[in-house]
Amino acid sequence: MNIKLFYDKECPFCNSYANYVELKENHDLEILNARTELKSIDELKVKGFDINDGFIILVDEKNIYQGSDAIIFLNKISNKKIYFLDNLFFKKIIYPILKFIRKLTLKLLNKKQHL
């Protein structure tokens with residue numbers, strides 16, 4: 001499986017999670033900084049995906065997952081599992097809180113919040 005993970009490298013939470021995911025042993029994983037992969041990000045925007053709404057995962061150049069769905073997908077195929085991720089509580093409560101904290105943190109770090 002060929003997986004491209006697009007994330008915001010300047011966000012400390014995104015960066016930590018991207019480094020946490022250990023998929024390279026079983027999958028062809030490419031971790032890409034959305035701030036430098038602008039052409040790919042623009043192509044994903046045309047398809048209706050916005051990196052400002054969370055991680056974007058492109059699997060085998062045909063399946064795309066974003067935000068909480070992307071994290072759940074990574075969790076399912078990862079050797080390191082976070083067990084609460086596969087439920088509605090994560091998608092509806094935890095993930096929106098994480099997005100808010102990310103925006104607040106980027107603002108406090110004086111980083112560009114929208115790509």
Inset, instruction - Determine, for Lys4 against Glu61, whether the closest basic-nitrogen to carboxylate-oxygen distance falls under 4.0 angstrom. - result: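 Judged by the 4.0 Å cut-off on N to carboxylate O distance, Lys4 and Glu61 do form a salt bridge.
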Are [X] and [Y] side-chain neighbours, meaning at least one heavy-atom pair lies under 4.5 Å?
| X | Y | value |
| --- | --- | --- |
| Lys9 | Arg35 | no |
| Leu109 | Cys11 | no |
| Leu44 | Ile51 | no |
| Ile3 | Ile77 | yes |
| Pro12 | Thr105 | yes |
| Asp69 | Lys91 | yes |
| Lys47 | Glu43 | no |

Distance-only donor-acceptor pairs under 3.5 Å for side chains of residues 92-101, two or more places apart:
from: Tyr95; atom 1: OH; to: Asp53; atom 2: O; distance (Å): 3.3

Interatomic spacing from [atom1] in [X] to [atom2] in [Y] - rounded to 0.5 Å:
| X | Y | atom1 | atom2 | value |
| --- | --- | --- | --- | --- |
| Ile57 | Tyr65 | CD1 | OH | 10.0 Å |
| Leu32 | Phe6 | CG | CZ | 5.0 Å |
| Arg102 | Lys107 | CZ | NZ | 14.0 Å |
| Leu108 | Lys103 | CG | NZ | 14.5 Å |
| Ile64 | Leu58 | CD1 | CG | 5.5 Å |

Inset, instruction - Please answer whether the main-chain N or O of Leu106 pairs with a side-chain N or O of Glu10 as donor and acceptor at a distance below 3.5 Å. - result: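 The answer is no, because no donor-acceptor pair under 3.5 Å joins these two groups.
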Inset, instruction - Measure the acute angle between the ring planes of Tyr7 and Phe55, then classify it against the limits of 30° and 60° as parallel, tilted or perpendicular. - result: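 The arrangement is tilted - the two ring planes meet at 30° to 60°.
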Inset, instruction - For Asp50 and Ile56, work out which heavy atoms get closest and say how close. - result: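 Reported closest heavy-atom pair: C-CD1, 4.1 Å.
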Legend entry - Residue list, side chain to side chain contact (heavy atoms under 4.5 Å, CB included) with Asp60, at least two apart or on another chain: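 Here the qualifying residues are Met1, Asn2, Lys62.
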Inset, instruction - Could you list the residues that satisfy side-chain hydrogen bond (donor to acceptor under 3.5 Å, both in side chains) with Asn63, not counting sequence neighbours? - result: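 With neighbours one apart ignored, the set is empty.
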